[in-house]
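Let me begin by presenting the structure, written as C-alpha cells, before commenting on it.
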Amino acid sequence: MLDQNKTTRVEMDWSGPERLQMNMGPQHPSAHGVFRAIVTLEGETVVAVDAVIGYLHRCHEKLSETLTYAQYPSIASKTDYVAAMTSEFAYVMAAEEIGKFEVPKRAQYLRVIVAELQRIASHLLWLGTWCMDMGGALGGGATIFLYCIRERELVLDLFEALVGARLLYGFFQVGGTRYDIPDGWAQQCRQTIDVIESRIEEYEQMLEDNAFFLARAKGVGIVSRELALDVGIAGPLLRGSGIDYDIRRNAPYSSYQDFDFTVPTEQDGDCYARYKVRMQEFRQAVAIIRQALDKLPAGPISSRPALKSVAQIRIPKGEAYARVEGPRGEVGSYIVSDGSAKPYRMKWRGASFSNLAILPHIIPGHKVADVVAIMGSVDPVFGEVDR
Amino acid sequence: MALNDPPVPVIPAPIWRNFKELQEWEELHKTRPEGDKHSPVFESLTEGIHNFPGGFVVTTAADAFLNWARKSSVWPVTFGLACCAIEMMATFCSRFDVERLGMVPWASPRHSDLMIVSGTVTIKMAPMLLRIYDQMPDPKWAVSMGSCANSGGPFRHGYHVVKGVDRVIPVDVYVPGCPPPPESLLNGLLLLQDQIAHFKKTGRKAPPNEKVD
Amino acid sequence: MNGEQARASLASTFGVDIAAGVPLVVTVAPEQWEALARYARDTVGCLFFNFLTAVDWKEQGLEVVARVDNLEENVGLMLKTKLGPGVTSCASLTPVYRGADWMERECFDMFGIHFDHHPDLRRILLEDGWEGHPLLKSYAVDTPHPPYR
C-alpha cells in the first residue's frame, strides 16, 4: 500500500498572497491536443486548476442528427481518434440495440479482435506520449516514444490491410462489420502480437529500473476511490484506484464472455498504478486476440445486406445506451430514435470528458511539473472531450 | 498563518475568454502588414547589383543559396489539433522520418518556420491559431493538413467549425486526406520545399514550375 | 441492492411504474429530481455517475436524462425528468454527485437549461459570448458565426 505520508502532497497555506495565474495554453508541447488549463500557482505549487475545453468542439451531436446510421460510423471514429474502432463500436451497438439486429458470431469475433488491437495501439501511443511529456522531446522521453510508435506502426499496418485506412476507419456497420479479414492477415496478426508482447517486457524493464520515472510517477496524482466513483471516471483510472470494474467482464458485449482474461486492478490510485494497469492490459489484449483468432468461426460478417444507399438502415422508435470498454474508459452512445433513418438525438458519453473532470480535484497540491505527468496518465483525447 | 480549506478559485476572465472582446482586441492590434518586408536601401542595392552588367549572376546565386538554406532547414511548429496530429506525429517518427529533410519539430513558434495545421480549426481555436502564426517570424509558411484544415472537412456543416484554415491564415500547401497518411504529408512537405526554392528574396521572380504552379 | 429490489423500492418511493429490463428507466417530475438522485445514491447504492444530458422534444419541452450505476451489483439506472414546454430550469445534481458539474455545464451550453444551485454555471464547449444554444431543434446545424462565417 502506498504510504500517504511520503507523497508529493504538501500542506497548503491557503492564505498566501503570492498567487500567480498562469496559462497552459491550447497549444503546448505536451502532445495531448487542444486543452487550456489556467493554473493558479503559489510558488511552484498548484493551488487551483480551471480547465477550459471546447477548442475542438466539432458539433458531433448536432451533425449526427443530420447523418444517417450508414453515414455516421466513419465520423464516429473521429471522436476518440486514437482508438477509432471503439468509438465506432459504441455508436453501432446502440443502433443495433434499438433495432434489435442480430450480429453474426464471426462479426462479433472480428469486432473483438479489432477492438483489442486498437487497445494495444492506443496504449502504445499513450506510453510514448506520456514518457515524452515526462522525459522531454529531445531526450529520454523521445526514446520510448520512437519505440512505441514503431510498434504502433505494425498494428496500423494490420488495420491498413484490413480496412484500407491507418487511423480513422469505417469498419463498423450496423449489423456487423464491413470488411472481412484477407488471406494471411491472421498469420500477420499473430506475428505482430508476438513481437509486441516481447517488446512490452523490454519497455517495462527499461522504465521500472529508471529512478526518474519512478520519482515522477509514484505518489503523484492520487485518485481516491470515492472521488473516482463520484466524478464518473472509468477505465484504467478507475481500476488504478482499486475499483474492479470492466465492462467487458461485468456487462459483456459482443461475445467477450467467450474469452478468458483477467482485469488488472491496482490499489494505489497514483500515476504509477495506472501505468501498471495499462501495461497489464497489453498482455490481456494479446491473450484475447490469440483466443479470438483461434476460435474465429466461419460465417457472414453482417446480418444486414451490403450498403447500397445511405438511407438503407432504418431503426424503429426507441432509445438505447450502449457502452464499450475503450482504452480510456467507458465510451458510450445514447441514441434516441424516432423511426427514421437519422437519429433524433445522439449523445456521446466520452470517456475522456468524464476523466478530465477529475483534474481540478486532484492537481491542486502538486508541483507544476506534476501537472504534465498527471495529464498524461489521465490520457485525454480531445476529440472525445469536445466532440 | 492558519491552515484552512482551499477557497473556490475566483479566476478573472482573461481578454480572450470573451469572444467579442477578443475580436475588438484583434482589430486594434492588427499591425502585421501583408507581404515580405524589405528596407528600401536593401531593395535599391539588389536592384543596382542586378542591373549592373553581369550582376544577375550574383543575385540569382544569392537567391539560390538562400533558398537552399531555407528549404533544407524548415522547422515546423508542432500545432496538432486533432486526428491529423497523430499522423503528423507518425510522420515525425522513425518510419517516415522528416528529420532527414532537415525538419526539426519545435514547440516554440518563435523559432520555427512552418506551421502544419493538422486538424479541425474551430471558431474558439481560430484566434489562438492566428496568435501562434503571428508569433512566428518571417519568412514563414503554412501547410494545411487534412480535409478539416483544407475546407472544414467532414464537419463543414457544423456551427463551430471554420471552413478551412485559409479563412484565418494564408496557406501555401494543401494536403488532402482524412487523415492524410504520412506519405501524403511527406509529399506535401516536399512540394513546399520546391515552393521555397522559388521564394523571392532578392527581388527576382522565378519562372513557373509545373509541379507547384 | 440488486436490480429487482431497486426497481421495487424506486417504484414504491416515487410512485412511478418502472419497466423491467436493463437499465431501469425511472421518470419523475422535476420537483423530485434531486430527491431521486439522492435516493439512487444513498439507498440503491449507485455511486457511479455516468452521464447527464438532455433531449429536446420540440413542443413537449426538454427532458433531462441522467445515468447512474451501481458497479458492485451491476445495476444501471436511467433517471429522466420532463421539464414541461417552455421550462428551462432544473435542479442541479452537483450536491449529490460531483461528476454532474461538467455534464450540467454542457447541458447549459447546448440546451440553455439553467441548473439551480450549480456552483459555476458557464459555457464549457463554446465561448462565453456565444449566442444561442446549439442542440435545440430550433438551431440550424450550419448557423453562420462571424467573423469566420
Side-chain angles (χ1 to χ4, degrees), chain A residues 11-16 19 21 23 25-34 36 38 40 47-50 52 54-60 62-63 66-67 74-75 77-78 81-82 84 125 128-129 137-138 145-150 152-153 156 160 165-168 360 364-365 382-383 386, chain B residues 1-12 14 16-17 77-90 92-96 104-109 119-129 131-132 148 152-161 177-182:
Chain A
E11 283 297 332
M12 289 302 304
D13 179 359
W14 301 105
S15 51
R19 297 281 172 90
Q21 241 163 47
N23 180 49
Q27 187 256 353
H28 52 74
S30 101
H32 285 294
V34 284
R36 182 162 168 232
I38 304 176
T40 309
V47 161
V49 169
D50 183 27
V52 182
Y55 290 97
L56 200 61
H57 177 62
R58 293 187 280 197
C59 336
H60 270 274
K62 190 80 181 175
L63 274 177
T66 61
L67 294 170
S74 39
I75 310 284
S77 52
K78 300 177 215 293
Y81 41 82
V82 177
L125 187 72
T129 50
L138 293 178
F145 182 64
L146 290 174
Y147 286 158
C148 287
I149 299 290
R150 178 188 61 180
R152 194 181 132 91
E153 295 283 337
L156 295 185
E160 196 171 358
R166 279 163 51 101
L167 197 75
L168 303 171
F382 287 88
D386 297 335
Chain B
M1 288 291 194
L3 299 171
N4 40 21
D5 285 325
V8 174
V10 171
I11 296 167
W16 57 69
R17 274 259 214 111
V77 64
T78 56
F79 203 74
L81 295 171
C83 346
C84 285
I86 311 293
E87 287 294 48
M88 187 175 72
M89 278 162 33
F92 293 160
C93 285
S94 346
R95 197 194 251 196
F96 306 98
V104 177
W106 204 250
S108 164
T120 323
V121 183
T122 58
I123 295 182
K124 196 169 180 180
M125 189 65 194
M128 312 296 160
L129 189 145
R131 191 177 297 264
I132 300 283
C148 288
F155 307 104
R156 189 182 167 91
H157 299 292
Y159 45 85
H160 197 235
V161 171
C178 187

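Convention: sequence-line order gives letters A, B, ...; per-chain numbering from 1. Reckoned from all heavy atoms, side chains included, excluding hydrogens, waters and symmetry mates.
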Centroid-centroid under 6.0 Å between B/Y159 and A/H57 rings: yes
Side chain to side chain contact (heavy atoms under 4.5 Å, CB included) assessment of B/K124 paired with A/V52: CA-CA 11 Å; B/K124 196 169 180 180; A/V52 182; 3.9 Å; yes
Nearest-0.5 Å distance, CZ of residue A/F145 to OG of residue B/S94: 9.0 Å
Which portion of B/V77 sits near chain A, non-hydrogen atoms under 4.5 angstrom: side chain
Nearest heavy-atom neighbours spanning A/L125 and B/I86: CD2-CD1, 3.8 Å
For B/V161 against A/R58, the heavy-atom pair lying closest together: CG2-CA, 4.1 Å
Interface moiety of B/I132 toward chain A, non-hydrogen atoms closer than 4.5 Å: side chain
Nearest heavy atoms of B/G158 and A/C59, plus distance in Å: CA-SG, 3.6 Å
Part of A/L56 lying under 4.5 Å from any heavy atom of chain B: both
Among the listed options A/L156, A/I149, A/L168, the residue most often paired with chain B at heavy-atom distances under 4.5 Å: A/L168
Pick from B/C178, B/A85, B/P181 with the largest number of heavy-atom pairs that fall under 4.5 Å of chain A: B/C178
Closest heavy-atom pair and its distance - B/F155, A/K78: CZ-CD, 3.8 Å
